[in-house]
Amino acid sequence: MPDTAWQAKDLLTIRGLEKGQVELILDTAESFREVASRPIKKVPSLRGRTLLGLFFEPSTRTSSSFEIAAKRLSADWVSFSSASSSLAKGESLIDTARNLEAMAPDLVVVRHGHPGVPRMLAERLGCSVVNAGDGAHEHPTQALLDAFTIRRSKGRLEGLEVAIIGDIEHSRVARSNIHLLLLMGARVTVAGPRPMMPLGIEQMGVEVAFSTEDAVRDADVVMMLRLQLERHGATRFPSLREYFEVFALTEKRLAGAKDDVIILHPGPMNRGVEIASEVADGPYSVILEQVANGVAVRMAVLYLLTLRREEGE
Ligand code: CP
(Lines give C-alpha, C1' and ligand atoms only; values in the text may rest on other atoms or scores of the structure.)
Protein backbone atom coordinates (compact mmCIF):
# COMPACT_ATOMS: atom_id res chain seq x y z
CA MET A 1 0.00 0.00 0.00
CA PRO A 2 1.21 3.57 -0.65
CA ASP A 3 2.82 5.76 2.02
CA THR A 4 0.41 7.47 4.44
CA ALA A 5 2.78 10.25 5.53
CA TRP A 6 -0.05 12.78 5.25
CA GLN A 7 -0.99 14.81 8.31
CA ALA A 8 -3.53 17.48 7.33
CA LYS A 9 -7.13 16.76 8.40
CA ASP A 10 -8.74 18.50 5.39
CA LEU A 11 -8.10 19.40 1.76
CA LEU A 12 -9.76 22.79 1.28
CA THR A 13 -7.43 24.70 -1.06
CA ILE A 14 -4.26 24.30 -3.09
CA ARG A 15 -3.06 27.64 -1.73
CA GLY A 16 -1.06 26.78 1.37
CA LEU A 17 -0.09 23.25 0.30
CA GLU A 18 3.61 22.41 0.16
CA LYS A 19 5.33 20.95 -2.89
CA GLY A 20 5.95 17.69 -1.00
CA GLN A 21 2.23 17.31 -0.23
CA VAL A 22 1.33 17.72 -3.91
CA GLU A 23 4.02 15.19 -4.87
CA LEU A 24 2.71 12.74 -2.26
CA ILE A 25 -0.84 12.95 -3.68
CA LEU A 26 0.37 12.59 -7.30
CA ASP A 27 2.69 9.66 -6.45
CA THR A 28 -0.09 7.94 -4.48
CA ALA A 29 -2.48 8.46 -7.43
CA GLU A 30 0.12 6.85 -9.69
CA SER A 31 0.08 3.73 -7.53
CA PHE A 32 -3.74 3.57 -7.61
CA ARG A 33 -4.08 4.21 -11.36
CA GLU A 34 -3.67 0.58 -12.40
CA VAL A 35 -6.68 -0.51 -10.32
CA ALA A 36 -8.86 0.74 -13.21
CA SER A 37 -7.38 -1.86 -15.56
CA ARG A 38 -8.02 -4.86 -13.25
CA PRO A 39 -10.98 -7.16 -13.93
CA ILE A 40 -12.07 -6.59 -10.31
CA LYS A 41 -11.53 -2.88 -9.73
CA LYS A 42 -11.20 -2.88 -5.96
CA VAL A 43 -8.57 -2.70 -3.22
CA PRO A 44 -9.40 -3.17 0.48
CA SER A 45 -7.64 0.02 1.73
CA LEU A 46 -10.72 1.79 3.16
CA ARG A 47 -12.92 -1.22 3.99
CA GLY A 48 -15.33 -0.32 6.79
CA ARG A 49 -14.87 3.46 6.36
CA THR A 50 -17.89 5.68 5.67
CA LEU A 51 -17.47 8.58 3.23
CA LEU A 52 -20.18 11.14 2.61
CA GLY A 53 -20.69 13.21 -0.56
CA LEU A 54 -22.59 16.49 -0.10
CA PHE A 55 -23.24 18.12 -3.47
CA PHE A 56 -25.19 21.38 -3.26
CA GLU A 57 -24.36 22.26 -6.91
CA PRO A 58 -24.71 20.11 -10.04
CA SER A 59 -21.80 17.84 -10.89
CA THR A 60 -21.17 14.98 -13.29
CA ARG A 61 -17.41 14.31 -13.23
CA THR A 62 -16.50 15.26 -9.65
CA SER A 63 -19.40 13.55 -7.87
CA SER A 64 -19.21 10.34 -9.89
CA SER A 65 -15.43 10.09 -9.72
CA PHE A 66 -15.40 10.58 -5.92
CA GLU A 67 -18.03 7.86 -5.65
CA ILE A 68 -16.13 5.48 -7.94
CA ALA A 69 -12.89 6.29 -6.08
CA ALA A 70 -14.49 5.51 -2.71
CA LYS A 71 -15.96 2.23 -4.01
CA ARG A 72 -12.63 1.17 -5.57
CA LEU A 73 -11.11 1.64 -2.10
CA SER A 74 -13.92 -0.56 -0.63
CA ALA A 75 -15.32 2.34 1.44
CA ASP A 76 -19.06 2.81 2.00
CA TRP A 77 -20.12 5.90 0.02
CA VAL A 78 -23.29 7.77 0.95
CA SER A 79 -24.35 10.59 -1.33
CA PHE A 80 -26.55 13.42 -0.19
CA SER A 81 -28.56 15.57 -2.56
CA SER A 82 -29.65 18.99 -1.27
CA ALA A 83 -32.89 18.93 -3.30
CA SER A 84 -34.27 15.79 -1.60
CA SER A 85 -33.00 16.60 1.93
CA SER A 86 -34.47 18.47 4.89
CA LEU A 87 -32.60 21.60 3.74
CA ALA A 88 -35.71 22.04 1.59
CA LYS A 89 -37.71 22.25 4.88
CA GLY A 90 -35.50 25.05 6.23
CA GLU A 91 -32.84 23.12 8.18
CA SER A 92 -29.57 25.06 8.25
CA LEU A 93 -26.41 23.81 6.61
CA ILE A 94 -24.62 23.58 9.97
CA ASP A 95 -27.46 21.59 11.55
CA THR A 96 -27.56 19.34 8.50
CA ALA A 97 -23.81 18.75 8.76
CA ARG A 98 -23.93 18.11 12.53
CA ASN A 99 -26.74 15.57 12.08
CA LEU A 100 -24.82 13.82 9.33
CA GLU A 101 -21.71 13.84 11.52
CA ALA A 102 -23.68 12.12 14.30
CA MET A 103 -23.75 9.09 11.98
CA ALA A 104 -19.92 8.99 12.27
CA PRO A 105 -18.60 9.43 8.72
CA ASP A 106 -14.80 9.32 8.37
CA LEU A 107 -14.73 12.00 5.68
CA VAL A 108 -17.07 14.46 3.96
CA VAL A 109 -16.72 15.68 0.35
CA VAL A 110 -18.56 18.95 -0.23
CA ARG A 111 -19.41 21.08 -3.27
CA HIS A 112 -21.23 24.34 -2.68
CA GLY A 113 -21.98 27.52 -4.64
CA HIS A 114 -20.62 29.76 -1.88
CA PRO A 115 -16.88 30.20 -1.35
CA GLY A 116 -15.78 29.16 2.13
CA VAL A 117 -18.50 26.59 2.90
CA PRO A 118 -16.00 23.66 2.96
CA ARG A 119 -13.80 25.60 5.43
CA MET A 120 -16.80 26.47 7.59
CA LEU A 121 -17.73 22.77 7.77
CA ALA A 122 -14.10 21.74 8.41
CA GLU A 123 -13.94 24.10 11.39
CA ARG A 124 -17.07 22.54 12.91
CA LEU A 125 -16.75 18.84 12.05
CA GLY A 126 -14.35 16.38 13.60
CA CYS A 127 -14.03 14.32 10.42
CA SER A 128 -11.97 15.23 7.35
CA VAL A 129 -13.48 17.61 4.78
CA VAL A 130 -12.54 17.73 1.07
CA ASN A 131 -13.52 20.72 -1.06
CA ALA A 132 -15.10 19.52 -4.32
CA GLY A 133 -15.52 23.11 -5.58
CA ASP A 134 -16.74 26.20 -3.69
CA GLY A 135 -18.15 29.02 -5.80
CA ALA A 136 -15.42 30.77 -7.78
CA HIS A 137 -12.88 30.11 -5.02
CA GLU A 138 -11.07 26.75 -5.43
CA HIS A 139 -11.43 23.24 -6.83
CA PRO A 140 -8.34 21.52 -5.45
CA THR A 141 -8.91 17.97 -6.70
CA GLN A 142 -9.46 19.29 -10.25
CA ALA A 143 -6.07 21.06 -10.16
CA LEU A 144 -4.45 17.89 -8.78
CA LEU A 145 -5.90 15.72 -11.53
CA ASP A 146 -4.85 18.30 -14.13
CA ALA A 147 -1.30 18.28 -12.74
CA PHE A 148 -1.33 14.47 -12.70
CA THR A 149 -2.43 14.41 -16.36
CA ILE A 150 0.22 16.95 -17.38
CA ARG A 151 2.96 15.12 -15.44
CA ARG A 152 2.03 11.79 -17.04
CA SER A 153 2.15 13.36 -20.49
CA LYS A 154 5.24 15.58 -20.13
CA GLY A 155 7.12 13.75 -17.37
CA ARG A 156 7.38 16.93 -15.28
CA LEU A 157 5.63 20.17 -14.31
CA GLU A 158 8.70 22.34 -13.68
CA GLY A 159 9.60 24.70 -16.52
CA LEU A 160 6.46 24.06 -18.60
CA GLU A 161 4.62 26.93 -20.30
CA VAL A 162 0.92 26.65 -19.44
CA ALA A 163 -1.81 28.85 -20.95
CA ILE A 164 -5.15 29.06 -19.10
CA ILE A 165 -7.76 30.68 -21.33
CA GLY A 166 -11.35 31.79 -20.85
CA ASP A 167 -13.59 33.02 -18.07
CA ILE A 168 -10.81 33.44 -15.50
CA GLU A 169 -12.88 35.57 -13.10
CA HIS A 170 -15.45 32.90 -12.37
CA SER A 171 -13.13 29.91 -12.49
CA ARG A 172 -12.25 28.00 -9.32
CA VAL A 173 -10.38 25.64 -11.64
CA ALA A 174 -8.15 28.49 -12.83
CA ARG A 175 -7.42 29.67 -9.28
CA SER A 176 -6.47 26.22 -7.98
CA ASN A 177 -4.41 25.49 -11.10
CA ILE A 178 -2.52 28.78 -10.88
CA HIS A 179 -1.52 28.06 -7.26
CA LEU A 180 -0.51 24.49 -8.02
CA LEU A 181 1.36 25.08 -11.28
CA LEU A 182 3.37 28.00 -9.88
CA LEU A 183 4.17 25.97 -6.73
CA MET A 184 5.53 23.18 -8.94
CA GLY A 185 7.68 25.54 -11.05
CA ALA A 186 5.58 25.92 -14.23
CA ARG A 187 5.05 29.30 -15.90
CA VAL A 188 1.42 30.35 -16.33
CA THR A 189 -0.16 32.79 -18.80
CA VAL A 190 -3.85 33.58 -18.39
CA ALA A 191 -5.97 35.00 -21.20
CA GLY A 192 -9.57 36.00 -21.69
CA PRO A 193 -11.85 38.93 -22.39
CA ARG A 194 -11.09 41.96 -20.18
CA PRO A 195 -14.50 41.81 -18.39
CA MET A 196 -13.65 38.23 -17.27
CA MET A 197 -10.11 38.99 -16.07
CA PRO A 198 -9.85 39.72 -12.31
CA LEU A 199 -8.15 43.02 -11.48
CA GLY A 200 -4.65 42.50 -10.08
CA ILE A 201 -4.38 38.88 -11.19
CA GLU A 202 -0.69 39.54 -12.06
CA GLN A 203 -0.07 39.59 -8.30
CA MET A 204 -0.66 35.84 -8.28
CA GLY A 205 2.54 35.52 -10.35
CA VAL A 206 1.00 34.91 -13.80
CA GLU A 207 1.48 36.66 -17.15
CA VAL A 208 -1.68 38.18 -18.63
CA ALA A 209 -2.63 38.11 -22.34
CA PHE A 210 -5.78 39.35 -23.98
CA SER A 211 -5.80 37.12 -27.03
CA THR A 212 -5.82 33.35 -27.38
CA GLU A 213 -3.09 33.58 -30.04
CA ASP A 214 -0.72 35.40 -27.63
CA ALA A 215 -1.41 32.98 -24.77
CA VAL A 216 -1.01 29.85 -26.91
CA ARG A 217 2.32 30.90 -28.51
CA ASP A 218 5.00 28.32 -27.53
CA ALA A 219 2.72 26.73 -24.91
CA ASP A 220 3.36 23.15 -23.75
CA VAL A 221 -0.11 22.95 -22.23
CA VAL A 222 -3.33 24.80 -23.09
CA MET A 223 -6.17 24.65 -20.58
CA MET A 224 -9.50 25.96 -21.88
CA LEU A 225 -12.20 27.09 -19.43
CA ARG A 226 -15.95 27.01 -19.67
CA LEU A 227 -17.80 30.28 -20.08
CA GLN A 228 -19.74 30.26 -16.77
CA LEU A 229 -22.88 32.08 -17.85
CA GLU A 230 -24.72 31.02 -14.67
CA ARG A 231 -22.28 33.15 -12.59
CA HIS A 232 -22.47 36.25 -14.85
CA GLY A 233 -24.65 38.97 -13.31
CA ALA A 234 -24.64 41.06 -16.50
CA THR A 235 -23.70 40.22 -20.07
CA ARG A 236 -19.90 40.06 -20.39
CA PHE A 237 -19.72 39.42 -24.14
CA PRO A 238 -22.03 40.40 -27.03
CA SER A 239 -22.90 36.82 -28.06
CA LEU A 240 -21.64 33.23 -27.87
CA ARG A 241 -20.93 33.31 -31.61
CA GLU A 242 -18.66 36.32 -31.15
CA TYR A 243 -16.96 34.69 -28.16
CA PHE A 244 -16.16 31.73 -30.43
CA GLU A 245 -14.91 34.03 -33.21
CA VAL A 246 -12.60 35.98 -30.87
CA PHE A 247 -11.45 33.60 -28.08
CA ALA A 248 -12.18 29.96 -28.90
CA LEU A 249 -9.39 27.44 -29.31
CA THR A 250 -9.46 26.44 -32.98
CA GLU A 251 -6.99 24.41 -35.04
CA LYS A 252 -5.75 27.64 -36.61
CA ARG A 253 -5.06 29.30 -33.25
CA LEU A 254 -3.42 26.16 -31.91
CA ALA A 255 -0.80 26.32 -34.68
CA GLY A 256 1.32 28.73 -32.59
CA ALA A 257 1.76 26.26 -29.72
CA LYS A 258 4.61 23.74 -29.36
CA ASP A 259 4.40 20.70 -31.67
CA ASP A 260 3.66 18.37 -28.74
CA VAL A 261 1.14 20.65 -27.00
CA ILE A 262 -1.63 19.02 -24.96
CA ILE A 263 -5.14 20.44 -24.55
CA LEU A 264 -7.05 20.22 -21.25
CA HIS A 265 -10.59 21.23 -20.34
CA PRO A 266 -12.15 20.53 -16.91
CA GLY A 267 -15.63 20.03 -18.37
CA PRO A 268 -18.44 20.50 -18.92
CA MET A 269 -17.39 21.71 -22.38
CA ASN A 270 -19.32 24.19 -24.48
CA ARG A 271 -18.39 22.99 -27.95
CA GLY A 272 -18.48 25.82 -30.45
CA VAL A 273 -18.17 28.43 -27.67
CA GLU A 274 -14.74 28.15 -25.96
CA ILE A 275 -13.41 25.21 -27.98
CA ALA A 276 -13.91 23.86 -31.50
CA SER A 277 -14.98 20.22 -31.71
CA GLU A 278 -12.05 19.30 -33.96
CA VAL A 279 -9.68 20.47 -31.18
CA ALA A 280 -11.66 18.88 -28.32
CA ASP A 281 -11.66 15.52 -30.16
CA GLY A 282 -8.31 15.99 -31.89
CA PRO A 283 -4.90 14.39 -31.42
CA TYR A 284 -3.63 16.88 -28.82
CA SER A 285 -6.65 16.57 -26.52
CA VAL A 286 -6.22 14.78 -23.17
CA ILE A 287 -9.68 15.76 -21.94
CA LEU A 288 -10.95 12.21 -21.38
CA GLU A 289 -7.61 11.22 -19.80
CA GLN A 290 -8.28 13.98 -17.26
CA VAL A 291 -11.57 12.29 -16.39
CA ALA A 292 -9.96 8.85 -16.06
CA ASN A 293 -7.10 10.27 -13.97
CA GLY A 294 -9.61 12.02 -11.71
CA VAL A 295 -10.58 8.67 -10.19
CA ALA A 296 -6.96 7.78 -9.30
CA VAL A 297 -6.30 11.25 -7.86
CA ARG A 298 -9.48 11.14 -5.76
CA MET A 299 -8.60 7.64 -4.56
CA ALA A 300 -5.28 9.12 -3.40
CA VAL A 301 -6.96 12.05 -1.61
CA LEU A 302 -9.56 9.84 0.12
CA TYR A 303 -6.90 7.32 1.12
CA LEU A 304 -4.37 9.83 2.46
CA LEU A 305 -6.86 11.90 4.45
CA THR A 306 -8.81 8.96 5.87
CA LEU A 307 -5.67 7.12 7.00
CA ARG A 308 -3.69 10.26 7.87
CA ARG A 309 -1.04 10.20 10.51
CA GLU A 310 -2.02 12.58 13.31
CA GLU A 311 0.46 15.37 14.25
CA GLY A 312 3.09 14.12 16.71
CA GLU A 313 2.31 10.45 16.10
N1 CP B 1 -14.76 19.52 -13.67
C2 CP B 1 -15.86 19.48 -12.91
O3 CP B 1 -15.85 19.95 -11.76
O4 CP B 1 -16.95 18.91 -13.53
P5 CP B 1 -18.37 18.66 -12.81
O6 CP B 1 -18.97 20.02 -12.55
O7 CP B 1 -19.16 17.84 -13.77
O8 CP B 1 -18.11 17.96 -11.51
Side-chain angles (χ1 to χ4, degrees), residues 11-15 25-26 29 51-72 77 79-83 107-118 129-150 152 162 164-181 190 192 196 221-232 249 262-271 273-275 279-281 285-302:
L11 178 62
L12 305 176
T13 60
I14 295 294
R15 192 178 183 179
I25 293 172
L26 301 189
L51 312 181
L52 192 55
L54 309 181
F55 281 77
F56 297 94
E57 260 195 347
S59 169
T60 297
R61 281 146 290 268
T62 312
S63 60
S64 52
S65 75
F66 266 114
E67 179 166 354
I68 291 169
K71 289 178 173 169
R72 286 196 181 156
W77 174 262
S79 60
F80 167 94
S81 143
S82 52
L107 181 145
V108 170
V109 176
V110 60
R111 167 171 288 192
H112 202 284
H114 288 285
V117 165
V129 176
V130 178
N131 179 3
D134 60 334
H137 177 221
E138 280 225 35
H139 192 349
T141 58
Q142 179 69 45
L144 287 161
L145 77 87
D146 292 341
F148 184 77
T149 304
I150 296 169
R152 283 194 64 79
V162 182
I164 304 179
I165 302 170
D167 185 357
I168 305 290
E169 183 184 1
H170 299 100
S171 180
R172 53 196 178 205
V173 173
R175 248 170 283 285
S176 286
N177 264 293
I178 290 168
H179 289 307
L180 194 152
L181 291 164
V190 295
M196 298 178 206
V221 178
V222 176
M223 185 180 297
M224 297 308 293
L225 301 174
R226 183 172 69 89
L227 196 57
Q228 300 200 30
L229 295 172
E230 76 279 15
R231 298 193 206 276
H232 291 195
L249 189 63
I262 54 171
I263 313 299
L264 286 81
H265 192 304
M269 256 189 304
N270 294 309
R271 290 170 183 266
V273 179
E274 69 265 3
I275 191 165
V279 175
D281 302 328
S285 172
V286 293
I287 293 168
L288 292 178
E289 283 170 47
Q290 288 173 267
V291 178
N293 290 335
V295 176
V297 167
R298 287 170 176 133
M299 285 174 81
V301 167
L302 297 176

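Whatever order the structure lists ligands and atoms in, that order sets their numbers, starting from 1.
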Report yes if the side chains of R271 and D281 come closer than 4.5 Å at any heavy-atom pair, otherwise no.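 Yes, side chains in contact.
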Nearest protein heavy-atom contact for [atom]: which residue, which atom, what distance?
{"atom": "atom 1 (N) of ligand 1", "result": "P266 O, 2.8 Å"}
{"atom": "atom 6 (O) of ligand 1", "result": "R111 NH1, 2.9 Å"}
{"atom": "atom 2 (C) of ligand 1", "result": "T62 OG1, 3.4 Å"}

Stepwise salt bridge (Lys or Arg N to Asp or Glu O under 4.0 Å) check, R172 with E57: CA-CA 14 Å; R172 53 196 178 205; E57 260 195 347; 3.1 Å; yes
Give the single entry among Q290, R61, Q142, H139 that approaches atom 3 (O) of ligand 1 most closely by any heavy atom. H139
Aromatic plane relationship, F66 with F55 - under 30° parallel, 30 to 60° tilted, over 60° perpendicular: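 Answer is tilted, since the angle falls between 30° and 60°.
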Please list, in number order, the atoms of ligand 1 under 4.0 Å from a heavy atom of T60.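 Ligand 1 atoms under the 4.0 Å threshold to T60: 5 (P), 7 (O), 8 (O).
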Under a 4.0 angstrom heavy-atom cut-off, which atoms of ligand 1 come close to G267? 1 (N), 2 (C), 4 (O)
Would you find more than 12 non-hydrogen atoms of other residues, nucleotides or ligands less than 6.0 Å from R61 atom CZ? yes
With respect to L107, which candidate in V129, V301, V130 satisfies the side-chain contact (heavy atoms from CB on, under 4.5 Å) definition?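 The option that passes is V130.
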